[in-house]
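Hydrogens, waters and symmetry mates are skipped; everything else that's a heavy atom, side chains included, is used. Just so you know, ligand 1 is whichever comes first in the structure, and atom 1 is the first atom listed for that ligand.
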Amino acid sequence: MKSIFSLINGIIIFFMVIVSADKNNWWKNSILYEIFIRSFKDSDGDGIGDLNGIRMKLDYFHELKIDSLYLTPFYKSSLFDMGYAIINYTEIHSSLGSMEDFENLIREMEYTGMKMIIDFVINHCSDENEWFQKSIDKIKPYDEYFIWKNAKGFNKDGKPIPPNNWKSVFGGSAWQWNFKRKQFYFHQFGRKQPDFNLRNVNVKNEIKKIIEFWIEKGVHGFRIDAPQFFFEDEQFRDEPLKNPRKQNTRDITWFDLIHIYTFEQKEIYEFIHELRLFTDQFNKKNSGIER
Ligand SMILES: [Ca+2]
Ligand SMILES: [Ca+2]
């Protein structure tokens, strides 16, 4: 068994860390089948595709000569953004199956040598995630798990003014006011998807614990979601407008800004490398585990 690699496809839109590879470096020649679970195969008649549905179709993948499956998020999530707003990273969303279903699926896949890659969403989680709820309440160490900033000021109606001009990819300001904590939190995507503070060592450790959890379940790799959005400028400077004549008004969107402070920041590479080294060590330590 040989270890790991990382692959950057295009401009890191699609990034994978493979956590285990057999002596043939399966990831180099593997034919990958991406599955959006909800619409793939329903096993129990409730109209929603599920993990057992995938297991029922393993023969079909063999016929197609598929070597590996890439599962889009199956974690406990809010329905917002199709599973990309995760409430619990080590729990299966109940409508998609149970942990036992996941274990059965991976066991059957391993029986025929198939590999499993799972989606890994670590730029943000769901605002319903317990970590975020604790962060609102400033419970340590969760108080620093997300990107919180004071209002720049208040307008004449008493409304808080966001710290800078950063925009959400999904529209509007990238800052959402939280009435309880009385601060803004930052979100690259929807307001229900607060960005993690990926410079925080405790957050990094949580991410490593999640990696370890799923490696122990038998997964062979992670497809890392949205790495280009991982880091933002620590000085929170305004981003310049593409067209300076378009004043910085309310109708400015994410597409009107030049993303020199919120997109493809250099620290991404260091962080991915850190995860790479972590998984390498973990694999070495557990080289007896057959994956
Ligand atoms: Ca179902
Ligand atoms: Ca981010």
Asks: Asp44: which N/O/S atom is nearest the Ca ion (ligand 1)?
Replies: OD1
Asks: Which N, O or S atoms belonging to the protein are less than 3.0 Å from the Ca ion (ligand 2)?
Replies: Asn123 OD1, Asp195 OD2, Phe229 O, Phe230 O, Glu232 OE2
Asks: Report the atom name of the nearest N/O/S atom of Asp46 relative to the Ca ion (ligand 1).
Replies: OD1
Asks: Hey, which N, O or S atom on Asp50 ends up closest to the Ca ion (ligand 1)?
Replies: OD2
Asks: May I ask you to check whether Tyr142 and Trp148 place their ring centres under 6.0 Å from each other?
Replies: no
Asks: Any side-chain heavy atom of Ile268 sitting closer than 4.5 Å to one from Leu198?
Replies: no
Asks: Kindly give the cluster partners of Tyr261, where membership spreads through any ILVMFWY side chain lying under 4.5 Å from a current member.
Replies: Ile147, Phe154, Trp166, Trp175, Trp177, Phe179, Phe184, Phe186, Phe236, Ile258, Ile260
Asks: Suppose we only allow N, O or S atoms; which atom of Asp42 ends up nearest to the Ca ion (ligand 1)?
Replies: OD1
Asks: Can you tell me if Ile48 has an N, O or S atom under 3.0 Å away from the Ca ion (ligand 1)?
Replies: yes
Asks: Are the side chains of Leu257 and Lys167 in contact, using a 4.5 Å heavy-atom criterion?
Replies: yes
Asks: State whether a side-chain donor-acceptor pair under 3.5 Å links Tyr84 with Asp119.
Replies: yes
Asks: Please report the shortest heavy-atom distance between Gln188 and Thr262, naming the atom on each side.
Replies: NE2-O, 2.9 Å
Asks: Would you please classify the geometry between the Tyr89 ring and the Trp131 ring as parallel, tilted or perpendicular, with 30° and 60° separating the classes?
Replies: parallel
Asks: Below 30° counts as parallel, above 60° as perpendicular, anything between as tilted: where do the rings of Phe229 and Trp254 land?
Replies: tilted
